[in-house]
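Report on the following structure.
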Amino acid sequence: MEGDSVTLHTDLTELQEDDGIVWKFGAEKSLIAEIVKAAGVFSTSDDVLDGRFRDRLKLDHQTGSLTITNISTEHDGDYSLEISAAKLTSKIFSVFVHARLPVPVISSNSSNCSSSSSSSYCSLVCSVVNVSHVTLSWFKGNSLLSSISVSDLSISLSLPLEVEYQDKNTYSCVLNNPISHQTQHLDITQLCHTCADSVYCCGPTEAVIRLVLSVLVGVATVILLVYDIISRRAERGQAHNDTSGVYN
């Protein structure tokens with residue numbers, strides 16, 4: 001996994017005086033480490049391949065084993081070992097580095113809320129982004145409900161699920177690869193709401209009726225406001241006339 005250290009073993013207990021070790025990487029077999037014990041050479045090639053191995057390679061001077069520290073996905077590939085002694089032997093190590101997994105995200109789509117007799121259903125989706133060599137799964141308790149996998153490409157994955165609003169079962173979304181996993185548990189009460197709880201829950205006819213009623217209320221409000229203004233003006237005019245009569 002990314003960030004870990006990986007050791008490639010020569011299976012030697014101790015290097016002999018005339019032993020030589022050569023470590024190479026990739027299809028181009030780029031030299032990354034070398035031991036010539038008789039000459040006292042124990043070297044690593046930090047600058048090879050644009051420096052991707054810089055400060056990451058460690059040689060065991062006793063056995064010739066190679067350790068790659070703080071490994072990342074750019075260190076995926078084949079590592080070849082050549083041991084020159086009484087006879088020449090070679091080995092190939094295939095290294096695959098898994099990226100650290102993100103935690104899946106569960107979201108709901110309230111617009112998909114629907115009713116069936118006395119039951120309400122909630123549409124959910126579990127998603128992850130930029131993943132490869134993983135499987136995304138929905139579980140009900142310990143039972144697998146559905147899953148989707150991706151191999152080589154780094155892509156986004158989404159997996160839908162529909163549950164009843166009143167469902168008391170335990171659901172979880174799990175992202176896993178061969179060496180690790182991440183789990184997100186579903187909280188139905190937070191993500192799922194019945195149609196009655198939705199802001200947009202009305203059919204077309206009821207929506208039109210509500211709109212007409214809103215307009216009528218608005219018109220009535222305006223009429224009352226105008227009537228109130230006219231009444232106040234009439235009262236002021238009458239009061240003015242009464243005052244004038246007194247002075248006359």
Side-chain angles (χ1 to χ4, degrees), residues 1-104 127-137 144 147-159 173-183:
M1 182 177 290
E2 279 190 320
D4 292 342
S5 294
V6 175
T7 298
L8 309 178
H9 296 280
T10 62
D11 293 333
L12 299 176
T13 56
E14 186 175 0
L15 292 173
Q16 302 303 311
E17 191 63 28
D18 58 348
D19 285 348
I21 299 288
V22 173
W23 286 99
K24 297 180 180 180
F25 171 74
E28 298 82 6
K29 294 191 179 298
S30 301
L31 179 66
I32 58 174
E34 183 179 19
I35 295 176
V36 182
K37 187 169 182 181
V41 175
F42 297 86
S43 65
T44 57
S45 302
D46 288 347
D47 294 328
V48 71
L49 299 172
D50 299 325
R52 75 176 63 179
F53 289 101
R54 184 174 292 117
D55 299 326
R56 298 175 189 264
L57 300 177
K58 293 183 178 180
L59 278 171
D60 187 316
H61 291 196
Q62 181 175 342
T63 65
S65 297
L66 178 69
T67 298
I68 309 162
T69 62
N70 192 24
I71 201 166
S72 71
T73 53
E74 67 177 352
H75 303 120
D76 268 2
D78 292 335
Y79 293 77
S80 61
L81 165 65
E82 294 179 359
I83 304 174
S84 58
K87 64 177 181 178
L88 181 66
T89 59
S90 62
K91 292 182 180 181
I92 298 292
F93 299 84
S94 293
V95 175
F96 180 80
V97 182
H98 290 277
R100 293 194 178 275
L101 297 178
V103 178
S127 305
V128 288
V129 297
N130 298 326
V131 291
S132 61
H133 299 89
V134 297
T135 298
L136 185 66
S137 307
L144 176 65
S147 65
I148 185 173
S149 299
V150 61
S151 55
D152 297 329
L153 299 177
S154 180
I155 64 172
S156 301
L157 289 180
S158 296
L159 193 62
C173 182
V174 180
L175 179 70
N176 71 281
N177 59 27
I179 61 174
S180 64
H181 70 276
Q182 290 281 12
T183 301

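Source: prediction; values computed, not measured. Numbering starts at 1 and runs along the sequence shown.
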With a 4.5 Å limit on heavy-atom distance, are the side chains of [X] and [Y] in contact?
X: Q182; Y: P102; answer: no
X: T73; Y: E2; answer: yes
X: T63; Y: H9; answer: no
X: V131; Y: L175; answer: yes

Nearest 0.5 Å please: distance from the [atom1] atom of [X] over to the [atom2] atom of [Y].
X: M1; Y: N177; atom1: CE; atom2: CG; result: 5.5 Å
X: I83; Y: T10; atom1: CD1; atom2: OG1; result: 5.5 Å
X: L59; Y: L66; atom1: CG; atom2: CG; result: 5.5 Å
X: L136; Y: S158; atom1: CG; atom2: OG; result: 8.0 Å
X: S127; Y: L157; atom1: OG; atom2: CG; result: 8.5 Å
X: D18; Y: S84; atom1: CG; atom2: OG; result: 8.0 Å

Task: Partners passing salt bridge (Lys or Arg N to Asp or Glu O under 4.0 Å) against D76 (at least two apart in sequence or in another chain) - done: none
Nearest heavy-atom neighbours spanning [X] and [Y]:
X: S149; Y: T135; result: OG-OG1, 2.8 Å
X: T13; Y: Q62; result: O-NE2, 3.3 Å
X: D19; Y: A85; result: OD1-CB, 3.1 Å
X: V95; Y: I71; result: CG1-CD1, 4.1 Å
X: S72; Y: V97; result: O-CG2, 3.4 Å
X: S132; Y: V150; result: CA-CG1, 4.0 Å

Open item on the list: Holding to side-chain hydrogen bond (donor to acceptor under 3.5 Å, both in side chains), I want the full list of residues that pass it with N176, two or more places apart in sequence or in another chain.
Closed with: none
- [ ] Assess the side chains of T7 and T67: does a donor N or O sit below 3.5 Å from an acceptor N or O?
- [x] yes
- [ ] Tell me, please, which residues at least two apart from F53 pass ring-ring contact (aromatic ring centres under 6.0 Å, His included).
- [x] F25, H75
- [ ] List in chain and number order the residues that pass ring-ring contact (aromatic ring centres under 6.0 Å, His included) with H133, two or more places apart in sequence or in another chain; answer none if no residue qualifies.
- [x] F96
Do any side-chain atoms of residues 27-47 form donor-acceptor pairs under 3.5 angstrom with protein atoms, and if so which ones, sequence neighbours left out?
| from | atom 1 | to | atom 2 | distance (Å) |
| --- | --- | --- | --- | --- |
| K37 | NZ | L15 | O | 2.8 |
| S45 | OG | L31 | O | 3.4 |
| D47 | OD1 | R54 | NH2 | 2.8 |

Task: D50 side chain to R52 backbone, donor-acceptor under 3.5 Å - done: no
Open item on the list: For H181, I'd like to know if atom NE2 has over 12 heavy atoms of other residues, nucleotides or ligands within 6.0 Å.
Closed with: no
TODO: With sequence neighbours excluded, give me every side-chain hydrogen bond (donor to acceptor under 3.5 Å, both in side chains) pair touching residues 85-103.
DONE: D11-K91, D78-S94
